[in-house]
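First the structure, in the form of structure tokens, and then the observations on it.
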Amino acid sequence: MLQGTLDLLILRTLSAAPAHGHTIAHAIEHGSDDVLQVEHGSLYPALHRLEDRGWIASFWGTSDNNRKARYYRLTKSGREQLSEQTNRWEELVRAIGRILKPSEQ
Amino acid sequence: MSWTRFLRRRRWDRERSRELDSYLQMETDDNLARGMAPEAARAAAFRKLGNPTFIREEIYHMNTIGFLETLWQDLRYAVRLLRLNPGFTLVAILSLALGIGANTAMFQLLDTLGLRTLPVRNPGQLAIVNIANRKTICCVFNTRYAHLTTTLWEHIRDRQQAFSGMAAWGGYLFNLSVGGELHLAQTLMVSGDFFPLLGVPPAQGRLLTAADDQRGCSVPSAVLSDAFWQRRFGGQPGAIGNTLTLEGHTFQIVGVTPPRFFGLEVGRNFEVAIPLCAEPLVQGPDTLMDKPWGWWLAAVGRLKPGWTVERASAHLRALSAGIFEETVPSRFDGELAKAYRAQVLTALPGAQGYSDLRTDVGDALRILLAITALVLLIACANLANLMLARASAREREIAIRLAVGASRGRLIRQLLAESLLLSGAGALAGIWIAATLNGRLVSFFGNRYGAAYLDLSPDWRILGFTAALAILTSIFFGLAPALRATHTSPGSAMKASSRGITTGRERFGLRRALVVTQVALSLVLLVGALLFVRSFRNLVSIDPGFRQDGILEADMDFSRLKLSAPAIRDSEAGLLRRVQAIPGVRSAAGITIMPLSGSAWAKDVTVGSNKASTRFVRITPRYFGTMRTAIVAGRDFDDRDSATAPKVAIVNQSFVHQFLDSGNPVGRIFRTATGDKDELVTYEVAGVVSDSKYLSIREAFSPEVYLPTSQDPEPGNYLPLVIHSNVSPSALIPALKRTFAEIHPQLGYEFHSFRDEVRETLQREQLMATLSGFFGVLATLLAMIGLYGVMSYMVARRKNEIGIRLALGAARAQVIRLVLGEAALLLGIGLAAGCFLALLAAQAAGALLFGLKPRDPATLAVSMALLAAVAAAAAWFPARRAANLDPTAALREE
């Protein structure tokens, strides 16, 4: 996966509702129709980094099937990050698209 | 990365561990729900997640501050390694402790003497007022900083514009006891503005103010120093309101100064401070208060805002002519008055106060600091050598660690941690050594005018100095070995140590260079030590012209007897008769100024057209016999020389040489003004004695005149006696005390051993000789350990080669020659370099030497011989070991 995109995907996933690591990993896989295969392990350092930057916050909760789990939610600055990074991503995609298929423009 | 995270990284790790567990459980649950077997479900969950330990490590590293983390690891590893080698560790820490401790001690003394400012408010604003072109101008000088007379002080204070305030002070020794043995207190006489000007707050009660310093004060106030208050009154607040006696006069104790305040003189503490107005009271007939020719005051001023010392100095210079013109003492005749008027006032920076000690021992301390720095350098070289040896022993270990991927930087850091730990421990022990050493050194600086005092509480400068020293030394002795050790390519290192390959010269070069350096520096220190020791011996063994052993000095004080002049003369004579009758006393006499006491009485002597300044002293009969000074012509003083008889004098040979060179000197006359009045009196020479030292042992003999006390028109209340006896002072003193008490209970006295007094005038030389001698021996010892180490290492490294040589028929003597030749080469280069350095460095010591030149060839030769002899011994053992090698064993071992 592209550098930095994992952060964006996590933020996007959390924008709907707070979730724990397991949910986030599966949500990314399912949401992309299994195109994006996240190595689930790599998710945790990413979560740690995002929390360190103050974009997400964590708390211990109970999952649907009654397991203790660490939940993450988006903070205010995380929400700002999300929209900013989404814009930047879309710009990037458009730019790459223009180069790959100049005729369509 | 944040500090809280760093400090709580273990807790964080547990948290992550739980989180990953919870993932695994959920994933396993999901897999089970899909119908997998429990074993397979858990395994699949692990596959999906990846390696949990690896993930935790990744997060742990995000939390950690890498440098600190590894530093801690390195330090722990270093501690374990050092504990494995207690011998090495002990030698290393001990030599560093001595080196760092000695440096810290010398630096601390220099710091307290020369760098610190006075513990008063804004010391930077203080300026000392003195006379710039100071010549010895008549007549009486009473204190250590006798810069001004009362008249001058008052004129300056009233005229100047440069200072917002001024204060004057003079330091005296006054007697606290009311009878019998004297108890002298370091007394500061201070003007009323003294404490307010300095901004010193009272610790108890109140301090002196202008109200206390009113002319003619009858029961003046007194302020105690904290130390004196603790010692004498046990720190009881009740001391305030009490009284104390100085020279028989009562003073009212009003307060105590803070513990850190010691007056304005660095190197001395005071005990009592009294106002200037008490001077006529305690000094009695010797008062200088209203004598425009009596010098006893020192003055300080606080600069007005915007004024610098230079500007104040210029201002005072401009005032000088007027002030000196108005204050010329009426008794000064033409030439003296001219010299008096020509004086110019100046202002000097006063932030660091006054200090004779600074001038006296400053140079000596700087040289000692240089010596201790060299000692530390030698210790470092020695340690670098030992570390190199250790590093080559660990070559395989390091090669393996490099091979499995340790970075070179990390390994260097780890090796440096070891040296840092050693130097840190050395520094801690060094601080203790410095404190012990300085406590003893300061007591060494005392003299007959009281103990020395230095505030030796450690400050940030000392701690910073020691810390910097520790870090620098650890880099110095640790870096080169660390760089060297990690420079190997892993492959060749492992090959080299498994097969018997002799290591190249280049690897060995650094260690030889270190030994050469050590030998060279040791030679410098040894030369210095020998110079100072020989100089001290010269001073001690020189004949000063008088007896030093078996002389007890009894300083007599008649002041409380309140005698008239003739009565003083009579009681002196009576006293001496009684003392001479004491069993064991061989002979006793009085002298107004003890030789080498530092006091002097000088007058112009005129013989025909020959006029020159000459030293004078008054003595009683039998002084020369008591002090074993030879009378070479004429006679001693005796009963003939009464107050009314013709005035006679005894002169020394230098005097004869200067003034009476032709013909028989006895019976010749000279003229001088010896009384308080300035009229010339004619003296007849009654005898000639051999020369003796007057002011100090170091000076050359100079013309000197002895006058009889019996002809003194104004005999003083104070007369030191010299008593030569064949019993010990401890046996004699009780008998003397009994005799003194019988004569008059109010008679004051104080005892000194003359030998000790003479030794105290040589304390700087003794200090230099003792310390430089000690460091010289230490340096030699360290250099020899270094040489021994390198030679042993060389033999161990070349075991294989030596074994082959022996097997092929080399004689044992040849092997010994081989090793000793190697050592001789190192020694030779070291001695040559050291010789050159010693000749350069010795010049700095020139001013401190007595009776020999700094580039004394004999000293240099003896030092080199000494060093060569010790080096030969150090190299002999490894050489013997090499020669006694069993060739078969040596070859099989590899």
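Everything numeric in this text was worked out from a predicted model, so none of it was measured. As a basis for the values below, the full set of heavy atoms in this structure was taken, side chains included, without hydrogen atoms, waters or symmetry mates. Quick note on labels: first sequence line is chain A, next is B, and so on, each numbered from 1.
- Atom CZ of B/Phe54 has 12 or fewer neighbouring heavy atoms from other residues, nucleotides or ligands inside a 6.0 Å radius.
- A side-chain hydrogen bond (donor to acceptor under 3.5 Å, both in side chains) check over residues 417-431 of chain B, counting only residues at least two apart or in different chains, returns the pairs B/Arg390-B/Glu418, B/Arg394-B/Glu418.
- At most 12 non-hydrogen atoms from other residues, nucleotides or ligands lie less than 6.0 angstrom from CZ of A/Arg12.
- When every heavy atom of B/Ile59 is checked against every heavy atom of A/Pro45, the shortest pair comes out as CG1-CA, 3.9 Å.
- Taking CG of B/Leu24 as the reference point, atom NE2 of A/His40 lies at 11.5 Å (rounded to 0.5 Å).
- For A/Trp60, the CH2 atom counts as densely surrounded, since its 6.0 Å shell holds more than 12 non-hydrogen atoms of other residues, nucleotides or ligands.
- Contacts between B/Arg16 and chain A at a heavy-atom distance below 4.5 Å involve the side chain alone, from C-beta outward.
- Residue A/His48 holds its NE2 atom at 11.0 Å from CD of B/Glu15, rounded to the nearest 0.5 Å.
- Using a 4.5 Å cut-off on side-chain heavy atoms (C-beta onward), A/His20 and B/Ser22 make no contact.
- Proximity to chain B at a heavy-atom threshold of 4.5 Å picks out A/Lys68, A/Ala69, A/Arg70, A/Tyr72 from residues 68-76 of chain A, in numerical order.
- Contact annotation for residues 462-482 of chain B against chain A (heavy-atom separation below 4.5 Å): no residues qualify.
- Going from atom OH of A/Tyr44 over to atom CD of B/Glu19 covers 5.5 Å, rounded to the nearest 0.5 Å.
- By the side-chain hydrogen bond (donor to acceptor under 3.5 Å, both in side chains) test, A/His22 is found to be paired with A/His26, B/Glu27, B/Asp30, residues two or more places apart in sequence or in another chain being considered.
- Neither the backbone nor the side chain of A/Ser58 comes within less than 4.5 Å of any heavy atom of chain B.
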